[in-house]
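Step one of this worksheet: look at the structure below.
None of these values were measured; they are calculated from a predicted model.
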Amino acid sequence: MTLRLLLNGKSSGNEELRAAIFEARDAGHDLDVRVSWEGGDIEQFVIDAHRDGIQRIIVGGGDGTINEAATGLMALPAAERPEMGIIPMGTANDFATGCGVPLTPDEALMLAIRGQSVDVDVGQINDKVFLNMASGGFGAKITTSTPPLLKKMLGGGAYSLVGAIRFWSFEPYAGRLEWDGGARDIRAMVLAIGNGRQAGGSQELTPRASIDDGLLDVMVVDAFGYRNIPAVVREMEALGPHGRFVHYFKTPWVSFKATANPLPINLDGEFHEFEALECSVNKAALRIVLPETCRLLTSNTGQEDPS
């Protein structure tokens, strides 16, 4: 099987990855490499791989790079999409970490080459797709306002540090939230819509999500004061649909319409703002190479596939 590695240019000088590529080639694997120069390159590389008859692409980069590859794949006819392996090379690597993909380049490359692919859902907000998480409100603001140097120095811990500093000056986002079977007006500190489970450097916002159940996991944290922290903590641990401050539920679709300021959304590591959003699931849209023990698969969580 011919393989093609699509590599974010920022990671092209990684010596561990270079050594792993040469070792894979020495072992007889047909692996060529494309390196991105600017935004949009990875998506185009996916289209080129399809044109060239590549059956499996391997994407090296962070959550944003993986999202760009998924966007390219979703633009192809469903029956013709190449499989995708992942080499985590970003700061947070939330999707890969949540799925249990090895974080060292050599182990990740071997899994991407030799592992089995599985059907995975793809989320969609308006015309944008996501594999992992759409985190809105406070989390999105923190991610985009965390200085790049601090991210590099502290990794995922940088998000928690900046969040602690900024939390009490945060203004909630007001709007109307609707989903399959329900609706409510919210003043959201956090609105997380998860296909995967974690965002912002290992923060599990939708800890019951599965990437192959055809559903989105939604967590809303409504505005609260200092004296309400104990209640919020209890509700975060219980995670039910009827909390006073924390609401958690599964749904095939969800929509939000802001009544004041646009809602900031971190979509697989990339920042966006929406005055209105419609979010849904493309079930079993991609085949991704994941560890057999991936805890985000229903076969490993005991959940039943609703289809």
With a 4.5 Å cut-off on side-chain heavy-atom distances among I, L, V, M, F, W and Y, is there a chain of contacts connecting [X] to [Y]?
X: Ile87; Y: Val59; answer: no
X: Val129; Y: Ile57; answer: yes
X: Ile42; Y: Ile21; answer: no

Taking the side chain as everything from C-beta on, heavy atoms only, tell me whether [X] gets closer than 4.5 Å to [Y].
X: Asp121; Y: Asp213; value: yes
X: Ser255; Y: Glu278; value: yes
X: Val122; Y: Leu131; value: yes
X: Pro88; Y: Phe95; value: no
X: Leu5; Y: Ile58; value: yes
X: Leu7; Y: Ser36; value: no
X: Leu3; Y: Ile54; value: no
X: Met133; Y: Asn195; value: no

Ignoring hydrogens and angles, tell me if any N or O in the side chain of [X] forms a donor-acceptor pair with the backbone of [Y] under 3.5 Å.
X: Asn93; Y: Gly90; value: yes
X: Arg208; Y: Tyr248; value: no
X: Glu235; Y: Val246; value: yes
X: Asn282; Y: Ala285; value: no
X: Asp52; Y: Ala49; value: no
X: Asn266; Y: Gly269; value: yes
X: Gln55; Y: Met1; value: no
X: Asp268; Y: Asn67; value: no

Where [X] and [Y] come nearest, the two heavy atoms and their spacing:
X: Arg184; Y: Pro241; value: NH1-O, 4.4 Å
X: Met110; Y: Ala24; value: CE-CB, 3.8 Å
X: Thr293; Y: Asn300; value: C-ND2, 3.4 Å
X: Ile125; Y: Ala134; value: CD1-CB, 3.5 Å
X: Cys99; Y: Leu290; value: CB-CD2, 3.8 Å
X: Gly61; Y: Ile66; value: O-CD1, 4.4 Å

*asked:* Using the rule given for side-chain contact (heavy atoms from CB on, under 4.5 Å), can you reason through Leu215 versus Val281, listing the C-alpha separation, both sets of side-chain angles and the distance that settles it, and then say yes or no?
replied: CA-CA 7 Å; Leu215 297 170; Val281 182; 5.7 Å; no
Test salt bridge (charged side-chain N to carboxylate O under 4.0 Å, His left out) applied to Arg187 and Asp222, step by step | CA-CA 5 Å; Arg187 295 181 63 246; Asp222 270 327; over 6 Å; no
Could you pull out all residues at least two apart from [X] that satisfy salt bridge (charged side-chain N to carboxylate O under 4.0 Å, His left out)?
X: Asp26; result: none
X: Asp106; result: none
X: Arg234; result: none

Apply side-chain contact (heavy atoms from CB on, under 4.5 Å) to residues Val221 and Met236 and explain how you reach the verdict.
CA-CA 9 Å; Val221 180; Met236 289 285 285; 4.2 Å; yes
Nearest 0.5 angstrom please: [X] [atom1] to [Y] [atom2], how far?
X: Arg197; Y: Thr206; atom1: CZ; atom2: OG1; value: 8.0 Å
X: Glu292; Y: Leu111; atom1: CD; atom2: CG; value: 9.5 Å
X: Asp94; Y: Gln198; atom1: CG; atom2: CD; value: 4.5 Å
X: Asn8; Y: Met89; atom1: CG; atom2: CE; value: 9.0 Å
X: Asp217; Y: Ile193; atom1: CG; atom2: CD1; value: 11.0 Å
X: Asn126; Y: His272; atom1: CG; atom2: NE2; value: 10.5 Å

query = In terms of side-chain geometry, is the basic nitrogen of Asp30 or Arg25 positioned less than 4.0 Å from the acidic oxygen of its partner?
reply = no
**Asked** Under a 4.0 Å N-O cut-off, is there an ion pair linking Asp212 with Lys283?
**Response** no
Q. On the ring face of Phe256, is Arg176 found with NZ or CZ under 6.0 Å from the centre and within 45° of the axis?
A.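 Arg176 over Phe256 ring: no.
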Exercise. Are side-chain N/O atoms of Thr71 and Glu68 paired as donor and acceptor at under 3.5 Å?
Worked result: no
Quick note, salt bridge (Lys or Arg N to Asp or Glu O under 4.0 Å) partners involving residues 81-91, not counting sequence neighbours, are Arg56-Glu83
Residues 6-24 vs salt bridge (Lys or Arg N to Asp or Glu O under 4.0 Å), sequence neighbours excluded, gives none
Q | ring-ring contact (aromatic ring centres under 6.0 Å, His included) partners of Phe249, counting only residues at least two apart | A |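 Phe249 satisfies ring-ring contact (aromatic ring centres under 6.0 Å, His included) with Trp179 once adjacent residues are dropped.
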Problem - Residues Arg34, Glu43; criterion salt bridge (charged side-chain N to carboxylate O under 4.0 Å, His left out); working and verdict - result: CA-CA 12 Å; Arg34 300 289 186 274; Glu43 186 173 348; over 6 Å; no
message: Taking CZ in Arg51 as the centre, count heavy atoms belonging to other residues, nucleotides or ligands within less than 6.0 Å. Is the count above 12?
response: yes
Practice task
Tell me, with the steps shown, if Ser210 and Leu297 meet side-chain contact (heavy atoms from CB on, under 4.5 Å).
Solution key: CA-CA 6 Å; Ser210 295; Leu297 298 174; over 6 Å; no
